[in-house]
Trainee: 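Okay, here's the structure, questions in a sec.
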Amino acid sequence: MKKLFAAIAATLCGAYLISAAEAPAPLYRDPVTDGAADPCLIFNRDTKEWWMLYTQRRANSETADVAYCYGNPIGVASSDDGGATWVYRGTLDLDFEPGHNTFWAPDVVWHDGKYHMFVSYIKGVRNHWSGMATMMHYTSPDLWNWKFEGPAVLPKENVIDATLLRKPDGEWRMWYKWDSKSLYADSKDLRNWKGTDKASISDRPHEGAKAFRFKDRYWIIVDEWAGMAVYSSDDLENWTRQDKMILDKPSQRAEDRPSGSHGDVIVAGDRAYVFYFTHPGRTAHGHAPLDENGNTPYELRRSSIQVAELELTPEGELVTKDRNLPVDISLPRQID
């Protein structure tokens, strides 16, 4: 009888959780372009898989300067084992006007029976950092087929790197990068946005903010191009920077260097995981000198996705567990 009850319990638990498995390092490399960056994870309610949407940089293209960061689609990888292993699935068809255009850094949320994606868009392909970026809104019933809803009308133009979080009052808040600051706007329906020029975080230049709730507090981590700064809040209005950064140093795990950049955080019960990208061939995140042809060398272009577990110290600071050790990961396979 005890064995029967144990079997039933295991079956019921198995409907929601997958036993923890050791994540490889790196967690994922794009098998087509070798340029996976800016990962965003979302649970696919139909397939019961975790999907990773990311900027598919053209790292294996010999082009001038940073042209490999332009002209890229949004890549897709999926995991059916709780986030331990990932398989490349292709790219999203997001084109709404002719030409070879650029998509960066998606964020996806589930709302009112469909997925909503906010992704930065730049017309065309450029050799150097430039171009007007617009935050575009798409919706989908299944994460594959996306309907273009138009640009998100925000208080500022030329913005990138959306991160969304639902507030206690039911409204959504979107933070986005403008002029190396994190501004925000609120919406009840993800279509009509109200906001001001007020910045949530503006003390130091950054990009790639990610907002989440963990251990009864709100958190935002931001990419400072040499690791991530950590801010916390009790009310989503007043943010305090902690002294310790995360992912600012390399680990002994393969390709987990020189620092962690623009990522996502998934909270699974009392555990939280940060997914981020690295430039493993660089000595510092921004160190990418051009060769004699004016190109960024391949070893400095390529990027890898990594994962680390987050935890709170007794002093209440958010840190990563020992990144030199293997990461056991178990994301839920049922989302309410």
Trainee: Hey, are T278 and Q306 close enough side-chain-wise for a donor-acceptor pair under 3.5 Å?
Mentor: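 Absent: no donor and acceptor within the cut-off.
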Trainee: Under 4.5 Å between any side-chain heavy atoms of M117 and M136, yes or no?
Mentor: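 Result no, sub-4.5 Å side-chain heavy-atom pair not found.
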Trainee: Taking C-beta and beyond as the side chain, do L27 and F277 meet within less than 4.5 Å on heavy atoms?
Mentor: no
Trainee: Sort and list the pairs that fulfil side-chain hydrogen bond (donor to acceptor under 3.5 Å, both in side chains) and have at least one residue in residues 286-297, not counting sequence neighbours.
Mentor: E62-N295
Trainee: For L318, which fellow cluster members are found when Ile, Leu, Val, Met, Phe, Trp and Tyr are connected by side-chain heavy-atom distances below 4.5 angstrom, either directly or through intermediates?
Mentor: F212, F214, W219, I221, M228, V230, I246, L247, V265, V267, V274, Y276, L310, L312
Trainee: Does the distance from a Lys or Arg side-chain N to an Asp or Glu carboxylate O, for R191 and E149, drop under 4.0 Å?
Mentor: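 Yes, this pair counts.
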Trainee: Are W146 and I74 close enough, and set up right, to give a side chain to side chain contact (heavy atoms under 4.5 Å, CB included), and what steps lead you there?
Mentor: CA-CA 12 Å; W146 291 92; I74 298 302; over 6 Å; no
Trainee: Go through F96 and Y138 one step at a time and tell me if the side chain to side chain contact (heavy atoms under 4.5 Å, CB included) criterion holds.
Mentor: CA-CA 11 Å; F96 60 88; Y138 293 79; 3.3 Å; yes
Trainee: When rounded to the nearest 0.5 angstrom, what is the spacing between CG in D46 and CH2 in W144?
Mentor: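 Answer for the CG-CH2 pair, D46 versus W144, is 13.5 Å.
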Trainee: Under a 4.0 Å threshold between the charged nitrogen and the carboxylate oxygen, would D186 count as salt-bridged to R173?
Mentor: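 Salt bridge present between R173 and D186.
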Trainee: Would you say that H279 contacts R257 through its side chain, given a criterion of any heavy-atom pair below 4.5 Å between the two side chains?
Mentor: no
Trainee: Can you tell me how far OG of S140 sits from CG of L94, rounded to the nearest 0.5 angstrom?
Mentor: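 Going from the CG atom of L94 to the OG atom of S140 covers 10.0 Å.
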Trainee: What's the separation between atom CG in N72 and atom CZ in R58, rounded to the nearest 0.5 Å?
Mentor: 7.0 Å
Trainee: Is it the case that more than 12 heavy atoms not belonging to E171 sit under 6.0 Å from its CD atom?
Mentor: yes
Trainee: With rounding to the nearest 0.5 Å, note down the distance linking SG in C69 to CD in Q56.
Mentor: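 Separation between the atoms: 12.5 Å.
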Trainee: Which pairs with one or both residues in residues 261-271 pass side-chain hydrogen bond (donor to acceptor under 3.5 Å, both in side chains), sequence neighbours excluded?
Mentor: D38-H262, K210-D264, S261-H285, R271-Y273, R271-E309
Trainee: Distance alone, cut at 3.5 Å: any donor-acceptor contact between the side chains of S78 and D80?
Mentor: no
Trainee: What distance do I305 atom CD1 and M52 atom CE have between them, rounded to the nearest 0.5 Å?
Mentor: 5.5 Å
Trainee: If the threshold is 4.0 Å, N to carboxylate O, is there a salt bridge linking K215 and E311?
Mentor: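 Result for this pair is no, no salt bridge flagged.
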Trainee: Any chance NZ of K147 has more than 12 other-residue heavy atoms, nucleotides or ligands included, within less than 6.0 Å?
Mentor: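 Counting neighbours around NZ of K147, 12 or fewer heavy atoms of other residues, nucleotides or ligands fall under 6.0 Å, so no.
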Trainee: Please determine whether a side-chain nitrogen of the Lys or Arg among E49 and R89 lies less than 4.0 Å from a carboxylate oxygen of the Asp or Glu.
Mentor: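 Yes, charged N to carboxylate O under 4.0 Å.
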Trainee: What distance do S79 atom OG and R333 atom CZ have between them, rounded to the nearest 0.5 Å?
Mentor: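 Going from the OG atom of S79 to the CZ atom of R333 covers 11.5 Å.
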Trainee: We want to know whether R217 and S232 form a side-chain donor-acceptor pair, criterion being a heavy-atom distance below 3.5 angstrom.
Mentor: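 Yes.
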Trainee: Just so I know, are the side chains of K114 and P141 near enough to count as touching, which here means a heavy-atom distance under 4.5 Å?
Mentor: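 Answer no - side chains too far apart.
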Trainee: Starting from L164, walk the hydrophobic network (Ile, Leu, Val, Met, Phe, Trp, Tyr; side-chain heavy atoms closer than 4.5 Å) and list everyone else you reach, by chain and number.
Mentor: V109, F118, M135, L154, V159, W172, M174, Y176, W178, L183, L190, W193
Trainee: With sequence neighbours excluded, what pairs up with D243 under the salt bridge (Lys or Arg N to Asp or Glu O under 4.0 Å) test?
Mentor: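 D243 satisfies salt bridge (Lys or Arg N to Asp or Glu O under 4.0 Å) with no residue once adjacent residues are dropped.
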Trainee: Show me the pairs that pass ring-ring contact (aromatic ring centres under 6.0 Å, His included) and involve residues 20-45, at least two apart or across chains.
Mentor: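 Found Y28-Y54, F43-W50.
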Trainee: Indicate yes or no: does R302 engage E255 in a salt bridge with an N to O separation below 4.0 Å.
Mentor: yes
Trainee: Apply ring-ring contact (aromatic ring centres under 6.0 Å, His included) to W51 and W86, showing your working.
Mentor: CA-CA 9 Å; W51 281 30; W86 296 83; 10.0 Å; no
Trainee: Test question: given the 4.5 Å side-chain rule for I, L, V, M, F, W and Y, name all other residues clustered with W175, or answer none.
Mentor: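 Taking Ile, Leu, Val, Met, Phe, Trp and Tyr as members, W175 shares its hydrophobic cluster with L165, Y184, I201, Y218, I220, V222, Y231, L236, W239.
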Trainee: In chain order, what residues pass the salt bridge (Lys or Arg N to Asp or Glu O under 4.0 Å) check against D223, with sequence neighbours excluded?
Mentor: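 Salt bridge (Lys or Arg N to Asp or Glu O under 4.0 Å) list for D223, sorted by chain: empty.
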Trainee: Who pairs with D179 by side chain to side chain donor-acceptor pair (under 3.5 Å), at least two apart in sequence or on another chain?
Mentor: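 Side chain to side chain donor-acceptor pair (under 3.5 Å) list for D179, sorted by chain: empty.
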Trainee: Sequence neighbours excluded, which residues qualify as salt bridge (Lys or Arg N to Asp or Glu O under 4.0 Å) partners of E317?
Mentor: K244
Trainee: Take V76 and T91 through the test side chain to side chain contact (heavy atoms under 4.5 Å, CB included) and record every step on the way to the result.
Mentor: CA-CA 6 Å; V76 179; T91 60; over 6 Å; no
Trainee: Residues sharing W129's hydrophobic cluster, by side-chain heavy-atom contacts under 4.5 Å among ILVMFWY, directly or via others?
Mentor: V66, Y70, W104, I122, V125, I160
Trainee: I'd like to check T33 versus R57 (side-chain heavy atoms, cut-off strictly below 4.5 Å). Are they in contact?
Mentor: no
Trainee: Please tell me if the side chains of Y115 and T139 come closer than 4.5 Å, counting only heavy atoms from C-beta onward.
Mentor: no
Trainee: Would you mind reporting whether N145 and D93 have side-chain heavy atoms less than 4.5 Å apart?
Mentor: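 D93 does not reach N145 side chain to side chain.
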Trainee: Taking the side chain as everything from C-beta on, heavy atoms only, tell me whether K123 gets closer than 4.5 Å to E97.
Mentor: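 Heavy-atom side-chain distance check passes, below 4.5 Å.
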Trainee: Taking atom NZ as the centre, does K48 end up with more than 12 heavy-atom neighbours from other residues, nucleotides or ligands that are less than 6.0 angstrom away?
Mentor: yes
Trainee: Could you list the residues that satisfy salt bridge (Lys or Arg N to Asp or Glu O under 4.0 Å) with R323, not counting sequence neighbours?
Mentor: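 Per chain and number, R323 pairs via salt bridge (Lys or Arg N to Asp or Glu O under 4.0 Å) with D256.
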